Structures are given as C-alpha cells and as structure tokens.
Amino acid sequence: MFALPDLPYEYDALEPTMSSRTLHFHHDKHHATYVKTLNELLSAKGKPADSLEAVIRQAAAAGEADKKLFNNAAQAWNHGFFWPSMAPGGKKPGGDLEAAIASSFGGVEKLREAFVKQGAEHFGSGWVWLVADKAGALSVRASHDAHDMVNVPGVTPVLVCDLWEHAYYLDYQNDRKGFLEAWFDSLANWDFAASQLAARGQGRAWRYPAQLADAKAA
Ligand code: FE2
C-alpha cells in the first residue's frame, strides 16, 4: 500500500502565491484520492505491488487493460514530485543549474518564457516539466492528463508544475498564465531542481516513497 506523503512545508507556507485553501484541497482531497484509488486497484489485482515507478511502467505497458491503474498511479507520482518542486522564498537558480539553464536556454528569463508559454498553451489538463537528458541538457516538456516522465527513456524530471485547474482555479480562476508566472517567480524550488540535475542517470533522483511494510507482506 502506498502512502500519501506529507507536504514538505506548512499549508500556508506558499501564500500568497498558492493559498492554504488550494493546498488543502489539492493535497488532502485530489492527491489523497489518487493514492486511495491506486491502493484499491492494486488490492483488487491481488498481487503485491512493486515500487510506484514499476507499477506505472507495468500499467503503461498493459495499455487499455490497466488505464485506470496507470492514471491513478501516475497522478500519485506526479503530485508526489510536485510538492517538493515548490518551496517558499523565491530563490534564484545558482551553480551548475544556472550554468545548465544558460547553456540550454540562454538564461533564466528565456527558460521562464518557454516554461510559461508551454504551460499556458497546453490544451486541457496536464503538467509542464523541466527535464534533463543524460548529458545535463535541459528542456521544457508538457504532458497530458496523468502522463509522467517515468516512462520517458533518458530523461530525469527536474521540476514540474501542475496544469490541472484544481491547482490554480481557487486562487487565479481561469488565469493559468498568471499562475505560471507567479509560480515560476515565487515557488519554483531551485534547490530541488539542482539536486535532480546532479542525480540524473545515477539512480539517486527522486522516487515515490516506498510502500508501507505491512502491505508488502499482505
Ligand atoms: Fe493536481
């Protein structure tokens, strides 16, 4: 059985950019429901679940037969990665990350343009990601609905922002672009991004918390 990870900050820590009310609904209702449904589906299968990354890969390979499992597993993972992608404080990227941004985009302002544009123009629900390839080159990608970066070969996710309306509608209503600009300027966790970039291809990148021990034995 997979657990719902706690937020790595208080519910009001991201205000005013992201309200405590949004975080309560988003984490305690949306993410919690994905995790609950994931666990129910895995229990119904009657087989011991593996790591969440393995569950996602197996469900994706099964296609339509495991689409509901894939959607809930990938959404559980994506939200687990989204929480540490944010931090209060509005720091700026530094060190190797800043150099990689300069080399890949021409600077932080160009990355901001690309990230906000892809996120704002993405049709429907999904996610906008900053990812690194094996050589450390960075790029911005968007994914639809529950689709994640676990199944993308050679790619390490560095940061993600949730584009589903539940991520911003209480605070920004239909202004997704305004949300993305504020998110990039005030919430993007560049320390986490730097650790992901450094960990690429070494098996040390972020993973969803392991299952609870009692469920493994069940
Ligand atoms: Fe979400």
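Not measured: the values here are computed from a predicted model. Start at 1 and go down the list; that is how both ligands and their atoms are numbered.
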Aromatic contact, Phe115 with Trp183 (centres under 6.0 Å): yes

Apex the Fe ion (ligand 1) - arms OD2 from Asp162 and NE2 from His26 - angle rounded to 10°: 90°

The Fe ion (ligand 1) contact by His166, N, O or S atom under 2.8 Å: yes

Pair Phe81 and Phe192, ring centroids less than 6.0 Å apart: yes

The Fe ion (ligand 1) reached by His79 (N, O or S, under 2.8 Å): yes

Close aromatic pair by centroid cut-off 6.0 Å: Trp206 and Trp83: no

Arg112 (side chain) donor-acceptor with Phe184 (main chain) under 3.5 angstrom: no

